[in-house]
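Accompanying notes for the structure given below.
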Amino acid sequence: MSATILDGKEIAADIRSEIKSEVEELKQKGITPGLTVVLVGDNPASQSYVRAKARACEEVGIYSEVIRKPSTITQQELLDQIADLNENPNIHGILVQLPLPDHISERAVIDAIRVEKDVDGFHPLNVGNLVIGNGAMLPCTPYGIIEMIKRTGTEIAGKNAVVVGRSNIVGKPVSMLLLHENATVSICHSRTRDLKEMTRQADILVVAAGREGMVGKEHIKPGAIVIDVGVNRTAEGKLTGDVRFDEAREVASYITPVPGGVGPMTITMLLKNTLTAAKQIESV
Ligand code: L34
């Protein structure tokens, strides 16, 4: 069997065209959704993701601006910048691209973002609401992953879902979303004793460990849905996932490629969250 490839670009394009028409409706009511992305330092990967985010905003008619700050900025200066954006009536979404330089506390910065404008869904109140199932702003990558799984037409309820990785950005929140969809969820990590034994039980396998090629066909139950969240650069500068794609596709039923899988969905759900934030803040 050869898996069907879950084309993130194609699914993203469908969702973006829905977002675009909703943005047009809002504009007719005099509201233009606005997003500010704050980029600190000159990490090349961050620069490329931030450019892609700005381009995507433009594509759907969302106003966006990128504020670039040198890596020497102090934490207080960054907090002051966020305080300004919290008060700016034209800006409905604030995203501080991670990682931040070591001398700045990511937690302090995220906590400073007004919760209604936290389009990353990283603020503790949004995280808490996500756990409770209380209508939170969902973090973009996990939100995109659930959309991709749903679009396979597969019923998630009752399935075994295994998540490899326990980060605050992906592993933990996607586990919660899968739980809300009534999957039986296991979370694996670097201290898991027998990874293969766990992942081989997965009907839905989400790999977000950040280790190039760590999952191969021996980890995959035949017919599983495999979602690869890895974005690793090889020595030659090529982008690859955490899953060995060529062998995994022989076993899986559906699989996401890297690039062109989860990445474009992450950006699309950011657009969706910005639209949602604008509607909530403007009460429409
Ligand atoms: N605050 N920081 C904050 N929010 C986020 O949601 C992110 N993330 C992660 C890094 N830091 C963040 C992103 O945006 C990772 N990430 C991200 C976003 C988009 C893509 C990859 C990672 C993406 O579009 N990837 C393309 C390839 C891009 C390339 O060639 O470099 C893909 O097709 O996978």
Side-chain angles (χ1 to χ4, degrees), residues 8-9 12-41 43 45-69 73 78-100 106 109-123 125-127 129-130 135-144 147 169-170 173 262-284:
K9 279 195 186 156
D14 286 349
I15 300 175
R16 286 183 198 189
S17 76
E18 293 161 21
I19 294 170
K20 189 174 179 178
S21 41
E22 277 205 63
V23 169
E24 274 158 18
E25 279 174 41
L26 267 191
K27 282 182 170 171
Q28 273 161 16
K29 296 178 183 151
I31 300 159
T32 301
L35 172 72
T36 297
V37 178
V38 180
L39 174 58
V40 179
N43 178 321
S46 296
Q47 285 180 330
S48 123
Y49 303 151
V50 166
R51 266 198 307 273
K53 288 173 184 183
R55 221 181 304 122
C57 282
E58 197 176 338
E59 191 187 312
V60 301
I62 291 176
Y63 169 76
S64 80
E65 52 187 35
V66 178
I67 297 181
R68 291 183 173 77
K69 295 289 181 188
I73 189 174
L78 189 54
L79 293 175
D80 291 345
Q81 177 63 253
I82 289 166
D84 276 356
L85 294 167
N86 283 342
E87 299 301 323
N88 186 331
N90 299 320
I91 297 304
H92 304 96
I94 303 168
L95 182 151
V96 180
Q97 188 70 19
L98 302 178
L100 289 170
E106 290 185 350
V109 171
I110 291 166
D111 291 2
I113 296 171
R114 182 176 153 194
V115 61
E116 295 87 350
K117 296 191 177 187
D118 170 37
V119 285
D120 260 330
F122 293 167
H123 189 284
L125 271 175
N126 279 320
V127 177
N129 280 328
L130 162 62
M137 191 77 83
L138 301 179
C140 304
T141 303
Y143 192 6
E147 287 297 312
I169 296 192
V170 185
V262 171
M265 289 298 290
T266 294
I267 294 179
T268 301
M269 302 332 276
L270 171 65
L271 304 174
K272 177 122 183 156
N273 281 349
T274 304
L275 177 64
T276 302
K279 288 201 275 194
Q280 274 169 5
I281 291 169
E282 306 288 347
S283 313
V284 287

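Atoms considered below: every heavy atom in the structure, side chains included; atoms not considered: hydrogens, waters and symmetry mates.
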Legend entry - NZ/NE/NH1/NH2 to OD/OE distance under 4.0 Å, Lys279 and Glu22: yes

Inset, instruction - Would you give the length of the straight line joining atom CD1 of Ile19 to atom CG of Leu26, rounded to the nearest 0.5 angstrom? - result: 12.0 Å

Legend entry - Residue among Ile31, Thr32, Ile62 satisfying side-chain contact (heavy atoms from CB on, under 4.5 Å) with Val23: Ile62

Legend entry - Leu275 and Val60, any side-chain heavy atoms less than 4.5 Å apart: no

Inset, instruction - Starting at CG of Leu98, measure out to CG of Leu100 and round the result to the nearest 0.5 Å. - result: 5.5 Å

Legend entry - Minimum heavy-atom distance between Leu95 and Gln97, given as atom pair plus value: CD2-OE1, 3.4 Å

Legend entry - Side chain Glu106, main chain Pro99, donor-acceptor under 3.5 Å: no

Inset, instruction - Sequence neighbours left out, what pairs pass side chain to side chain donor-acceptor pair (under 3.5 Å) with at least one residue falling in residues 109-122? - result: Arg107-Asp111, Arg114-Glu116, Asp118-Asn126

Inset, instruction - List for me each residue that meets side-chain hydrogen bond (donor to acceptor under 3.5 Å, both in side chains) alongside Tyr63, sequence neighbours excluded, and say none if there are none. - result: Glu65

Legend entry - Which atom of Gly121 lies closest to which atom of Val127, heavy atoms considered: O-CG2, 3.8 Å

Legend entry - Backbone N/O of Gln81 and side chain of Lys69: donor-acceptor pair under 3.5 Å: no

Legend entry - Side chain to side chain, Glu282 and Lys29, heavy atoms closer than 4.5 Å: no

In a table with atom names and distances, give each donor-acceptor pair under 3.5 Å that connects a side chain of residues 266-273 to protein atoms at least two apart or in another chain.
| unit_1 | atom_1 | unit_2 | atom_2 | d |
| --- | --- | --- | --- | --- |
| Thr266 | OG1 | Thr141 | OG1 | 2.9 |
| Thr266 | OG1 | Val262 | O | 3.2 |
| Thr268 | OG1 | Arg16 | NE | 2.8 |
| Thr268 | OG1 | Arg16 | NH2 | 3.2 |
| Thr268 | OG1 | Pro264 | O | 2.8 |
| Asn273 | ND2 | Val119 | O | 2.9 |
| Asn273 | ND2 | Leu138 | O | 2.8 |

Legend entry - Close side-chain approach of Pro139 to Leu130, heavy-atom, < 4.5 Å: yes

Inset, instruction - Please tell me if the side chains of Glu59 and Arg55 come closer than 4.5 Å, counting only heavy atoms from C-beta onward. - result: no

Inset, instruction - Decide yes or no for Met137 and His123: does some side-chain heavy atom of the first lie under 4.5 Å from some side-chain heavy atom of the second? - result: no

Legend entry - Derivation of the side chain to side chain contact (heavy atoms under 4.5 Å, CB included) call for Asn88 and Thr36: CA-CA 10 Å; Asn88 186 331; Thr36 297; 5.9 Å; no

Inset, instruction - Supply the atom-to-atom distance Asp84 CG to Leu79 CG, rounded to the nearest 0.5 angstrom. - result: 11.5 Å

Inset, instruction - Please check if atom NZ in Lys27 has more than 12 non-hydrogen atoms from other residues, nucleotides or ligands closer than 6.0 Å. - result: yes

Inset, instruction - Working to the nearest 0.5 Å, report the span between CG of Leu85 and CD1 of Ile91. - result: 6.5 Å

